[in-house]
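Order of the sequence lines fixes the chain letters, A, B, ..., with proteins taken first and strands second; residue numbering starts at 1 for each chain. The figures here come from the full heavy-atom set of this structure, side chains too, leaving out hydrogens, waters and symmetry mates.
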Protein chains: 2
Amino acid sequence: MGTTRLETAPEPKYWHLKTVLSEALESDFAVGEVLPNERELAARFGVARATLRQALEQLELEGRLHRRRGVGTTVAPPRVGVDLDPAQHGWPGASGDAWQTEDCEEAVPPAAVARTLGAEAGRTVHIVHRVRTAHGQAVATELLYVPDASVPGLSGIGAGAGAARGRAVLRELNRLELGGQERAVELGSARAEDARRLDRLPGAPVLVVTTRYLAGGGTAAVAVATYRADTCRLTFGDTGGVSLLAS
Amino acid sequence: MGTTRLETAPEPKYWHLKTVLSEALESDFAVGEVLPNERELAARFGVARATLRQALEQLELEGRLHRRRGVGTTVAPPRVGVDLDPAQHGWPGASGDAWQTEDCEEAVPPAAVARTLGAEAGRTVHIVHRVRTAHGQAVATELLYVPDASVPGLSGIGAGAGAARGRAVLRELNRLELGGQERAVELGSARAEDARRLDRLPGAPVLVVTTRYLAGGGTAAVAVATYRADTCRLTFGDTGGVSLLAS
DNA sequence: GAGTGGTCTAGACCACGGT
DNA sequence: CCGTGGTCTAGACCACTCT
């Protein structure tokens with residue numbers, strides 16, 4: 001039959017809600033302002049709380065809202081841009097990078113990392129834990145996997161752990177000549193420990209940046225950095241000589 | 001009181017479920033294999049369907065599962081790596097890039113884009129629609145915003161729309177000398193139209209790549225590309241001369 | 001039409017932050 | 001302690017795909 005279906009698509013309630021809320025956020029709320037609680041909002045829009053939450057979740061995913069248990073829902077500030085090239089393609093831990101070394105352990109890396117390192121499975125590596133802060137807030141955690149072979153000078157110092165040990169590993173690593181790096185960005189969900197450090201709940205959406213550091217024809221180290229997806233925009237200062245400050 | 005709380009944290013059911021399912025996926029299922037349906041899985045684990053779905057959602061977010069309405073839930077293949085520098089820092093539409101021009105219109109850009117372009121609000125620009133495919137599947141859509149000033153040669157041809165028009169805009173744009181580019185990656189949710197093109201539901205998680213093309217001291221064009229977050233890993237071939245094929 | 005995942009409801013209880 | 005968001009339940013109905 002020739003029945004033309006125009007706009008048959010029934011828009012889900014939560015989708016429509018999200019749009020309405022989104023517009024309200026722009027016109028009626030200031031950054032940092034607290035929204036009415038979920039039960040009241042749901043009642044006001046005549047939907048179940050679960051439906052309202054679906055809309056709020058989307059807005060939080062987009063970095064528009066900030067929800068904290070026991071506190072409430074607030075309007076989020078614009079995402080902060082964090083540059084992935086703060087050290088100009090240098091080694092991690094080069095002077096002036098944005099990371100703070102927190103800990104170091106020796107352990108067996110995950111299979112995927114071991115594969116990238118080209119190391120035998122089951123072999124331990126140095127794992128340096130670092131945290132990156134911006135505007136006084138933790139925005140990323142990182143695990144840097146360094147095989148013994150990449151830090152030969154460390155063997156004389158003996159085993160150990162802690163931040164001091166981590167800095168020693170980075171120092172040794174910086175002695176190598178960096179042959180280049182490869183990077184990948186993908187979506188992930190925060191592991192329990194990362195979530196804790198980033199002040200988020202486990203499973204929170206994060207941008208996972210995997211960096212492979214090359215030296216001497218092989219992979220000298222692998223970094224897996226976990227950025228808060230709700231508050232971060234990853235930027236790549238790729239200007240080819242043109243100043244970022246122009247315009 | 002000196003009561004030490006060891007492991008007091010009650011792990012949410014969906015989080016535990018996710019872990020269990022994740023391990024099952026690795027050991028008992030092959031890529032492409034269909035899982036039991038949600039009602040059966042929920043019954044098997046003794047949880048409500050909503051709780052099970054929370055676990056499945058996480059796994060889908062991580063690219064481990066693929067869910068399609070009317071079909072079922074399957075084990076997803078590993079994410080495909082899509083390089084963000086296929087054209088070696090060239091203009092969009094340079095020969096050999098991975099994009100297919102689909103359409104072109106003249107319209108007022110969103111406020112955020114207009115600001116980046118440094119154009120007056122309310123002024124129309126050319127908007128070229130493109131799609132990127134990899135392994136026979138659409139992985140990204142793009143809107144390329146090009147002010148009239150960046151394609152002076154176009155004015156003689158007259159207005160128009162469609163793919164041919166889009167290619168003409170790109171051709172003119174390629175005449176300019178590229179002064180550099182800036183990029184940012186952030187998490188977003190698919191607009192209805194993008195979702196349709198990417199064969200996803202509206203609101204699906206996407207990686208939004210914003211590129212600013214610089215020329216003549218200003219912004220010549222802005223591209224907003226939307227990549228499927230579930231199936232894509234964005235890679236940056238940043239090897240500093242070392243071949244990617246080594247090792 | 002049968003079977004799938006997607007949406008929605010109306011409740012309940014829990015964990016956490018501030019008072 | 002109260003109020004917040006986070007988890008969970010047991011249902012219902014809808015939209016879609018495939019046969």
Participant: Just how far, in rounded Å, is C1' of dC16(C) from CZ of R200(A)?
Facilitator: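 Checked: the CZ to C1' distance equals 14 Å.
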Participant: Verify whether one side chain among S22(A) and R64(A) offers a donor that lies under 3.5 Å from an acceptor in the other.
Facilitator: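 A pair is found: one side chain offers a donor N or O, the other an acceptor, under 3.5 Å apart.
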Participant: Report yes or no: does R79(B) contribute a side-chain atom to a donor-acceptor pair with the main-chain N or O of L187(A) at less than 3.5 Å?
Facilitator: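 Yes, because the side chain of R79(B) sits within donor-acceptor range (under 3.5 Å) of the backbone of L187(A).
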Participant: For dT4(C) and T73(B) - does any side-chain N or O of the residue sit under 4.0 Å from the phosphate oxygens OP1/OP2?
Facilitator: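 It does not, given that no N or O in the side chain of T73(B) lies less than 4.0 Å from OP1 or OP2 of dT4(C).
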Participant: Testing R191(B), R196(B), R197(B) for side chain to side chain donor-acceptor pair (under 3.5 Å) with D194(B), which one passes?
Facilitator: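 Filter result, single survivor: R191(B).
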Participant: When you measure from the side chain of N37(A), which nucleotide among dG5(D), dT9(C), dC8(D) comes out closest?
Facilitator: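 The answer is dG5(D).
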Participant: Rounding to an integer number of Å, can you tell me how far L65(A) CG sits from dG5(D) C1'?
Facilitator: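 From L65(A) CG to dG5(D) C1': 13 Å.
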Participant: Find the distance E11(A):CD to dC8(C):C1' and express it as a whole number of Å.
Facilitator: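 Result: 15 Å.
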Participant: Tell me the interatomic distance from E38(A), atom CD, to dG6(D), atom C1', rounded to whole angstroms.
Facilitator: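 In whole Å, dG6(D) C1' lies 8 Å from E38(A) CD.
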Participant: To the nearest Å, how far apart are L59(B) CG and dG5(C) P?
Facilitator: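 It is 14 Å, rounded to the nearest whole Å.
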Participant: How many whole angstroms separate atom CD of Q58(B) from atom P of dT7(D)?
Facilitator: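 Nearest whole value for this atom pair: 9 Å.
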Participant: Donor-acceptor pair, distance only, cut-off 3.5 Å: does the side chain of E40(B) make one with the backbone of N37(B)?
Facilitator: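 A pair under 3.5 Å: no.
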Participant: With no hydrogens and no angle check, just 3.5 Å: does a side-chain donor-acceptor pair link E105(B) and H129(B)?
Facilitator: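 H129(B) and E105(B) do have a side-chain donor-acceptor pair below 3.5 Å.
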Participant: Do any N or O atoms from the side chain of S27(B) and from the backbone of E23(B) form a donor-acceptor pair under 3.5 angstrom?
Facilitator: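 Yes.
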Participant: Only one of L144(A), L143(A), D103(A) forms a side chain to side chain contact (heavy atoms under 4.5 Å, CB included) with V128(A), so which one is it?
Facilitator: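 Looking at L144(A), L143(A), D103(A), the match for V128(A) under the side chain to side chain contact (heavy atoms under 4.5 Å, CB included) is L144(A).
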Participant: Looking at DNA chain D, which of residues 50-57 of chain B put a heavy atom within less than 4.0 Å of it?
Facilitator: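 Under 4.0 Å from DNA chain D: A50(B), T51(B), Q54(B).
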Participant: For Y14(A) and dT7(C), is the shortest distance between a side-chain N/O and OP1 or OP2 below 4.0 Å?
Facilitator: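 Answer yes for this pair, as a side-chain N or O of Y14(A) is under 4.0 Å from OP1 or OP2.
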Participant: Parallel, tilted or perpendicular: which describes the rings of W99(A) and Y227(A), with under 30° parallel and over 60° perpendicular?
Facilitator: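 Ring orientation of W99(A) relative to Y227(A): perpendicular.
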Participant: Picking from dT9(C), dC8(D), dG6(C), which would you name as closest to the side chain of V47(A)?
Facilitator: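 Nearest nucleotide to the side chain: dT9(C).
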Participant: Whole angstroms only, please: what is the CG-P distance between L35(A) and dG3(D)?
Facilitator: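 Atom-to-atom, L35(A) to dG3(D), this comes out as 19 Å.
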Participant: Compare side-chain N and O positions of R49(A) against OP1 and OP2 of dA10(C) and report whether any pair is under 4.0 Å apart.
Facilitator: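 For dA10(C), neither OP1 nor OP2 has a side-chain N or O of R49(A) closer than 4.0 Å.
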Participant: Listing time: all N or O pairs from protein to nucleotides 17-19 of chain D that are below 3.5 Å?
Facilitator:
none

Participant: So for atom CD, which belongs to Q100(A), do other residues, nucleotides or ligands contribute more than 12 heavy atoms lying within a distance under 6.0 Å?
Facilitator: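 Not more than 12 within 6.0 Å, no.
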Participant: dC16(C) P sits how many Å from D199(A) CG, rounded?
Facilitator: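 About 13 Å, once rounded to whole Å.
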Participant: Looking at dG3(D), does its base get a donor-acceptor pair with the side chain of R39(A) below 3.5 Å?
Facilitator: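 Donor-acceptor pair under 3.5 Å: no.
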